[in-house]
Amino acid sequence: MIILRILVLGVALLLATGPAQAQISDGVVKIGIMNDQSGTYADLAGPGSVVAARMAVEDYGAARKGLKVEIVVADHQNKPDVGSSIARQWFDADKVDVIIDVPTSSVVLAVNQIAREKNKALIVSTGATSDLTGAACSPNAIHWTYDTWSLANGTGSAIVKTGGETWFFLTADYKFGHDLERDTEAVVVKNGGKVLGKVRHPFPTADFSSFLLQAQASKAKIIGLANAGADTTNAIKQGAEFGIVRGGQQFAGLLVFLTDVHSLGLEKAQGLLLTESFYWDLNDQTRAFSKRFGERHRGAMPTMAQAGVYSAVLHYLKSVEALKSDDGPKVIAKMKELPTDDPVFGKGRVRPDGRKIHPVYLFEVKKPSESKGPWDYYKVRATIPAEQAFRPMDQGGCPLVKK
Amino acid sequence: MATQALFGQLLIGLINGAFYAMLSLGLSVIFGLLNIINFAHGAQYMMGAFAAYFLLSLTGLGYWWSLLLAPIVVGLFGIALERTMLKRLYHLDHLYGLLLTFGLALIIQGVFRNEFGSSGLPYAIPAQLTGGYNLGFMFLPAYRAWVVVFSLGVCLATWWVIERTKLGSYLRAATENPTLVRAFGINVPRMITLTYGFGVGLAGLAGVLAAPIYQVNPLMGADLIIVVFAVVVIGGMGSIMGSIVTGFALGVVEGFTKVFYPEASNTVIFVIMALVLLVRPTGLFGRAS
């Protein structure tokens, strides 16, 4: 009798859980957008990334296809400990299936560990460390928009080739700054340039005057800014005050977002060379996407980080649909298998080491006289094809890549 | 490092110290005379910068008008706060004033960030103060020279008014024994309100001075205020001269740290604070109560 009962119960359980296994956990695909909602990096990703994610869910037509998608948002305050505890809470208690965006490389690497441990998925758009597809690569993670290697490869080599062969670095003193400095230094040295010195400044720093004096004293032709957000804009603004450019030195903003240029104003930012993988005014598709984005985000144009979130969410949902499951590593594998196609980056793919590839552009910031209106800031100097824009897979040291 | 380069760093340190001195002076005036720990000081500094930005973009009034008007606008805001909220807390422990002003600071910053984003708005250096001087050992931007001279003037004037004039003696007496001062026919509550307004106005003035150097950013005060509190603690809570001297001195110490060990430049002031608290808990210029 007891055996019969257990059998009945077992069959009932099987019926209940059987089909669900091959489907969406809890019937909902839950996407967690984790970024800096209130600090230095809030304008370049922040609430704009959430807008982009929502647009992706709508454009994908989740509701029409009967897929229930929910977006949750958290502010990691650029602190690895805060990011880690949010990730654990999301994965353990809140049934979040994938974490997307994540600026601040130190937080990226912490969350990467947790996603792997909990067997969930992570897609990084704003975070920059190229270690995510190198030593720290994981079957649970994809690096979507850009990385420190691609920035160095774009801006660094373009500047050395046009005569900027001596460098001095102002580096944000955490994982991202260190990686960006390392990757750029490698490019500079490879192209025959020389690094004369570097300063590691605390993150964030408001006053750069002391560091600028040191950079001036070095007599380097190029002052490489291995930092981001307000650190970069403050350094450039104060550099003008201290006569850096008039003294014959030049800034190289190694990571400059559209919102940084907007905040600096063209008067101060003109002539700056920078590397990005997206600009709103590239083609009809990007213009249409950006216009819709602007209507929902106070008229601002999307940064590459925000556009990357849109593209990542779109491809994630496509892969979930194809797989009919939201199981972390399986979806990531599916994402690597399916080619990508969206209005932001055009056609592309995800490499086995987790690197999403697409063309990357070297831009120059326009002069005030060249700009036709608000947000008309960049002109394209060079297009780096997708296959050359990112670090070759065999050089990253990613254990997932078979040699 | 060459001695010449060190001169440059010394000067830079003094310039940054000028901001610390002006802000910690405002805090000291407010604490010394009102016994309120004004945590909204950073937000009020930020409001000064925004006031300058709006005066320029909305009414076309430039830097020099802002220098006069922005502190008045921010000071009036402070007076409104004092009348409606702070005055209810005078009979309670310091902690309540601290919590109220801290909460206000979060709200003010949140509102500004929500409205204007986090990457800041541009504000140019006034035309008369662009360019700079080549001192041989460094290039000194004219604007920075102006900041250091102007703020030193403001600091010394404030010290003189409070320590050397009749008005100042009323103020100090009102802190010691408000009842007795009132017996002489002096309107003590009004005096306290105006003092708070003045302290807040100083923060607004520092904000205007800062606007052309930094981006006008909703978060500019939040980063600074913690350091400024450390300056006040090192100088001695409520000591006017103490906060001026320590403000400039710590600017110099921080400047040199940026040369020799830049990674520690945002912690060095707190290390000094810990040491001072261990050796002289009342601060370098404080009197034991």
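Quick note on labels: first sequence line is chain A, next is B, and so on, each numbered from 1. Bear in mind the structure is a predicted one, so any value in this text is a computation, not a measurement.
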Quiz item: Quick check: are there more than 12 heavy atoms from other residues, nucleotides or ligands sitting under 6.0 Å from CZ of B:F270?
Solution: yes
Practice problem: Kindly compute the distance separating OG (B:S265) from CZ (A:R200), expressed to the nearest 0.5 Å. | Solution: 13.5 Å
Self-check item: Contact class of B:N16 relative to chain A, heavy atoms under 4.5 angstrom
Solution: side chain
Quiz item: What do you reckon, is CH2 of B:W146 surrounded by more than 12 foreign heavy atoms closer than 6.0 Å?
Solution: yes
Self-check item: Over 12 non-hydrogen atoms of neighbours within 6.0 angstrom of OH in A:Y174
Solution: yes
Quiz item: Taking atom CD of B:E115 and atom CZ of A:R298, what is their separation to the nearest 0.5 Å?
Solution: 5.5 Å
Practice problem: With sequence neighbours excluded, tell me which residues meet side chain to side chain contact (heavy atoms under 4.5 Å, CB included) with B:V268. | Solution: B:V253, B:E254, B:T257, B:I272
Quiz item: Between B:P218 and chain A, which part of the residue has a heavy atom less than 4.5 Å away: side chain, backbone, both or neither?
Solution: neither
Practice problem: Check whether any side-chain heavy atom of B:P141 lies under 4.5 Å from a side-chain heavy atom of A:E241, and answer yes or no. | Solution: yes
Quiz item: What are the two closest non-hydrogen atoms of A:D207 and B:R144, and how far apart are they?
Solution: OD1-NH1, 3.1 Å
Quiz item: Mind checking whether B:Y214 and A:K237 have side chains closer than 4.5 Å, heavy atoms only?
Solution: no
Self-check item: B:L121 CG to A:L264 CG distance, which is reported to the nearest 0.5 Å
Solution: 12.0 Å
Quiz prompt | Residues which pass salt bridge (Lys or Arg N to Asp or Glu O under 4.0 Å) with A:R54, listed by chain and number, not counting sequence neighbours | solution = none
Quiz prompt | Partner chain B: residue of A:P202, A:A206, A:G229, A:G39 with the largest heavy-atom pair count (under 4.5 Å) | solution = A:P202
Practice problem: Side-chain contact test, heavy atoms from C-beta onward, threshold under 4.5 Å: evaluate it for B:R113 versus A:S38 and give yes or no. | Solution: yes
Quiz prompt | chain A contacts, top residue of B:A222, B:P212, B:A264, B:G255 (heavy-atom pairs, under 4.5 Å) | solution = B:P212
Quiz item: Is chain A contacted by the side chain of B:L219, its backbone, both, or neither, given a heavy-atom distance below 4.5 Å?
Solution: side chain
Exercise. Heavy-atom pairs under 4.5 Å with chain A are the metric here; pick the option from B:L11, B:L140, B:N114, B:I15 that has the most.
Key: B:N114
Practice problem: Count the heavy-atom pairs under 4.5 Å between each of A:A230, A:A42, A:A217, A:S209 and chain B, then report the option with the highest count. | Solution: A:S209
Self-check item: Donor-acceptor under 3.5 Å (B:Q9 side chain, A:S210 main chain)
Solution: yes
Exercise. Supply the atom-to-atom distance B:K258 NZ to A:F208 CZ, rounded to the nearest 0.5 angstrom.
Key: 8.5 Å
Quiz item: So, B:Q215 side chain and A:S263 main chain: donor-acceptor pair closer than 3.5 Å or not?
Solution: yes
Practice problem: Check whether any side-chain heavy atom of A:F242 sits under 4.5 Å from a side-chain heavy atom of B:I12, and report yes or no. | Solution: yes
Self-check item: Distance in Å, A:L213 CG paired with B:F137 CZ, rounded so as to fall on 0.5 Å steps
Solution: 9.5 Å
Quiz item: For A:E185, does the CD atom sit with more than 12 other heavy atoms under 6.0 Å from it, leaving out its own atoms?
Solution: yes
Quiz item: So does A:E370 have more than 12 non-hydrogen atoms from other groups sitting under 6.0 Å from CD?
Solution: yes
